[in-house]
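Quick notes on the structure that follows.
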Amino acid sequence: MSVVVRFAPSPTGFLHIGGARTALFNWLYARHHKGVFRLRIEDTDRQRSTQAAIDAIIAGLKWLGLDWDDEIVFQFTRAGRHAEVARELLTAGKAYYCYCTPQELQAMREEQRAKGLPEGYDGRWRDRDPAEAPPGVAPVIRLKAPRSGETVVPDLVQGEVRKANVELDDMVLLRGDGTPTYMHSVVVDDHDMGITHVIRGVDHLTNAFRQIQLYSAMNWALPRFAHIPLIHGADGAKLSKRHGAVGIEAYRDMGYLPEAMRNYLLRLGWAHGDDETIDTAQAIAWFDLDAVGRSASRFDTAKLDNLNGHYMRAADNERLVALILPRIEAGLGHAVDATGRGRLLKGMDGLKLRARTLVELADSAMIYVRARPLTLDQKAQAVLTAEARSTLSYSVDMLMKLTEWSAPALEQIDRTIAEQRGLKLGQVAQPKRAALTGSTTSPPIYEVMEILGREETLARLRDVSIG
RNA sequence: GUCCCCAUCGUCUAGCGGCCCAGGACAUCACCCUUUCACGGUGAAGACACGGGUUCGAUUCCCGUUGGGGACGCCA
């Protein structure tokens, strides 16, 4: 049997971390088994579904590099089919009209809770004659679920989870206005789309019981279920707006690489021995559901940062420059010219070794494109004492005589100066760093000088030297 | 409240009865490398929630307690 899985988000918000991980697991499972990964937008809630959310979800998946097969299925367009199945059930006596008003149901729940009973619809219209229907109430169609015995979810991750049927009530298939509920559409669509494996968050586990009852009523073969654990915030609570970034695109904006995100998300709830850095090709080769754990995990930015640093170091320099250029130009207030771009490209090797996010990378890259005179930060100013500035002006003289403008030659000059003046190399180099970058930390300063070029280097040095 | 699930270092996890006085990674600390900061290297500190069983032997199996999470909509 070839594998067909789906990611089925509801377009009521952006693609959050949990959804992204669910999508990733589905995608990996499909790719590993050479199956099909489908995307279905669950937009049956017309009030809350928005085009903006659909766009955000699609953009998020694309950014993460999770490509889906076939056309996207929009659940709402299938409402006719959903109603058809509900009517079929009605005809077969496996579903019935329920005329309860929302207020009535509300009162029912309150009473049950007060008595400590499990909450749910009590089935009062199950066998009642529709002739007794109160006027003016548009009935819903409910599934006539079994009242005894138990329903079992055979789950690839959770094992066999069982629940007594008395705990389950007759779920609504079609609303009073004739539109299908989520519970009903999911089953019909998964069946019609030939879904073989339903991989989703454990928050859907209890839904699975009711959905299985519907599969049984229709005599449809059950898909395999795999309910994966949830991702919590650093404080252990459910991921929410309080934790800052919620949408996956926020992580893109914070400067994370999609491959780093994939690797990080993969390791949340799934492991392959002691392996940590797992690229996508390796993940596809290794991923399977049997290695998915059952306990929830917390989102840890520090580890994401570390992984991101790793993938940035491995990333192509041209790609990195392209990624940070918009941010750099925004900071500058104007476009970066060819000279600047050339410097950025040459500087990448030194820069990317020191950054954990693209934002940090862009910030540190500013040293190559900033206009003179540079603004010096506090520490840089402290380094540039009168003595340091005079040493600097001496080095300007030395540098002007230099014929070969290369990092090794530039370093040799400072070694000579240090020796002449009885200073440590750092005492000569650090003022240069301050003058050339406006800061006390940067890539190796001779590398910076080489990339900046003779003219720019000398100009920046003169800006702060004395004499 | 009812039902379901979970429980190894601060975090992510390995472990599927003896190889474990528990391994790796991130974070932390120290040292090395070094013109700064990183990277890299070496090392340190750091966990089987608790209580009962089962067993010759439990982190691993069973029960309970505690703690955490999830679900209880004509939302998805």
Side-chain angles (χ1 to χ4, degrees), chain A residues 8-12 42-45 47-49 75 98 100-102 105-106 109 112-121 138-142 153 158-159 161-164 167-169 171-183 185-186 201-207 209 227 229-230 232 234 236-238 264 267-277 293-307 309-310 313 350-356 364 379 383 411 414-415 418 424-434 437 439-446:
Chain A
S10 64
T12 53
E42 313 236 304
D43 54 354
T44 50
D45 184 343
Q47 303 304 315
R48 301 200 302 151
S49 298
Q75 195 159 55
C98 166
C100 281
T101 61
L105 292 169
Q106 180 68 25
R109 279 186 211 103
Q112 287 160 337
R113 198 174 187 115
K115 289 182 181 170
L117 296 169
E119 287 176 48
Y121 174 65
V140 299
I141 294 178
R142 286 184 185 270
V153 180
Q158 305 291 330
V161 187
R162 45 193 74 228
K163 189 160 205 157
E167 299 277 344
L168 271 12
D169 65 0
M171 66 164 166
V172 174
L173 267 23
L174 245 45
R175 301 189 182 101
D177 65 2
T179 59
T181 60
Y182 156 79
M183 286 289 221
S185 343
V186 168
V202 261
D203 47 340
H204 285 283
L205 183 58
T206 43
N207 292 335
F209 293 106
H227 289 94
L230 266 24
H232 293 151
K238 202 174 179 178
Y264 179 70
R267 287 287 291 100
L268 247 34
W270 179 87
H272 183 272
D274 285 340
D275 297 300
E276 294 287 346
T277 306
R294 292 199 224 178
S295 47
S297 45
R298 301 183 184 203
F299 194 85
D300 179 22
T301 314
K303 189 147 186 175
L304 210 209
D305 281 350
N306 176 276
L307 230 25
H310 169 85
R313 269 169 258 141
L351 257 17
K352 68 184 182 184
L353 204 58
R354 296 169 169 73
R356 292 176 308 172
S364 65
K379 287 180 183 171
V383 167
E411 179 173 344
D414 274 8
R415 289 196 183 276
K424 287 182 179 175
L425 184 54
Q427 292 174 286
V428 184
Q430 201 58 355
K432 270 197 174 127
R433 184 183 322 278
T437 70
S439 136
T440 49
T441 63
S442 81
I445 197 60
Y446 308 108

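All chains are named by letter (A, B, ...) in the order of the sequence lines, taking the proteins before the strands, and each is independently numbered beginning at 1.
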Atom [atom1] of [X] and atom [atom2] of [N]: how far apart are they, to the nearest Å?
X	N	atom1	atom2	answer
A/D414	B/U34	CG	P	17 Å
A/R162	B/C3	CZ	P	17 Å
A/Q112	B/U2	CD	P	14 Å
A/L168	B/C72	CG	P	12 Å
A/L230	B/C12	CG	P	14 Å
A/D305	B/C39	CG	C1'	16 Å
A/Q158	B/C6	CD	P	6 Å

Of all residues at least two apart in sequence or in a different chain, which pass the salt bridge (charged side-chain N to carboxylate O under 4.0 Å, His left out) check with [X]?
X	result
A/K303	A/E276
A/R48	A/D45
A/D300	none

[N] versus [M] - spacing of their [atom1] atoms, nearest Å:
N	M	atom1	result
B/C26	B/C19	C1'	27 Å
B/A27	B/C39	P	8 Å
B/C33	B/C37	C1'	14 Å
B/U59	B/A22	C1'	8 Å
B/G18	B/U28	P	36 Å
B/C32	B/G51	P	44 Å
B/C48	B/A58	C1'	11 Å
B/U8	B/A14	C1'	10 Å

What does nucleotides 40-50 of chain B look like as a protein-contact string, B for base, S for sugar-phosphate only, - for none, at under 4.0 angstrom between heavy atoms? S----------
Protein within reach of the bases, or only the backbone? For nucleotides 13-28 of chain B, mark each nucleotide 5' to 3' as B, S or -, using heavy atoms under 4.0 Å. SS--------BBBSS-
Among residues at least two apart in sequence or on other chains, which ones pass side-chain hydrogen bond (donor to acceptor under 3.5 Å, both in side chains) with A/T179? A/R175, A/D177
A/N306: what forms a side-chain hydrogen bond (donor to acceptor under 3.5 Å, both in side chains) with it, not counting sequence neighbours? none
With a 4.0 Å cut-off on heavy atoms, is [X] in touch with a base, just the backbone sugar-phosphate, or nothing at all?
X	value
A/E167	sugar-phosphate
A/N207	base
A/C100	base
A/G120	nothing
A/T44	sugar-phosphate
A/L174	nothing

With sequence neighbours left out, write down each residue that passes side-chain contact (heavy atoms from CB on, under 4.5 Å) with [X], or none if nothing qualifies.
X	result
A/T101	A/Q103, A/E104, A/V137
A/S442	A/R433, A/T437, A/I445, A/V448
A/E42	A/A8, A/S10, A/R40, A/Q75, A/Y182, A/V186
A/L425	A/E411, A/D414, A/R415, A/Y446

Which one is paired to [N], where only Watson-Crick or G-U wobble pairs with both distances under 3.5 angstrom count?
N	answer
B/G57	none
B/G40	B/C32
B/C9	none
B/A49	B/U65
B/A22	none

Given [options], identify the nucleotide with an atom nearest to the side chain of [X].
X	options	answer
A/L353	B/G70, B/C4, B/C39	B/C39
A/H204	B/G70, B/C4, B/A76	B/A76
A/V140	B/C4, B/C74, B/G1	B/C74

Measuring only between side-chain heavy atoms, which start at C-beta, is [X] closer than 4.5 Å to [Y]?
X	Y	result
A/T206	A/K163	yes
A/Y121	A/V172	no
A/N207	A/M183	yes
A/S295	A/P229	no

When only distance counts, do a donor and an acceptor, one from the side chain of A/E119 and one from the base of B/G1, lie under 3.5 Å apart? yes
When you measure from the side chain of A/Q112 to the backbone N and O of A/G120, does any donor-acceptor pair fall under 3.5 Å? yes
Using atom names, set out every protein N or O paired with an N or O of nucleotides 35-37 of chain B below 3.5 Å, distance rounded to 0.1 Å.
from, atom 1, to, atom 2, distance (Å)
B/U35, OP1, A/R415, NH2, 3.4
B/U35, O2, A/R433, NH2, 2.3
B/U36, O4', A/Q430, OE1, 3.3
B/U36, O2', A/T440, O, 2.9
B/U36, N1, A/R433, NH2, 3.2
B/U36, O2, A/R433, NH1, 3.4
B/U36, O2, A/S442, N, 2.9
B/U36, O2, A/S442, O, 3.1
B/U36, N3, A/R433, NH1, 3.1
B/U36, N3, A/S442, O, 2.6
B/U36, O4, A/P444, N, 3.2
B/C37, O2, A/R354, NE, 2.4
B/C37, N3, A/R354, NE, 3.1
B/C37, N3, A/R354, NH2, 3.0

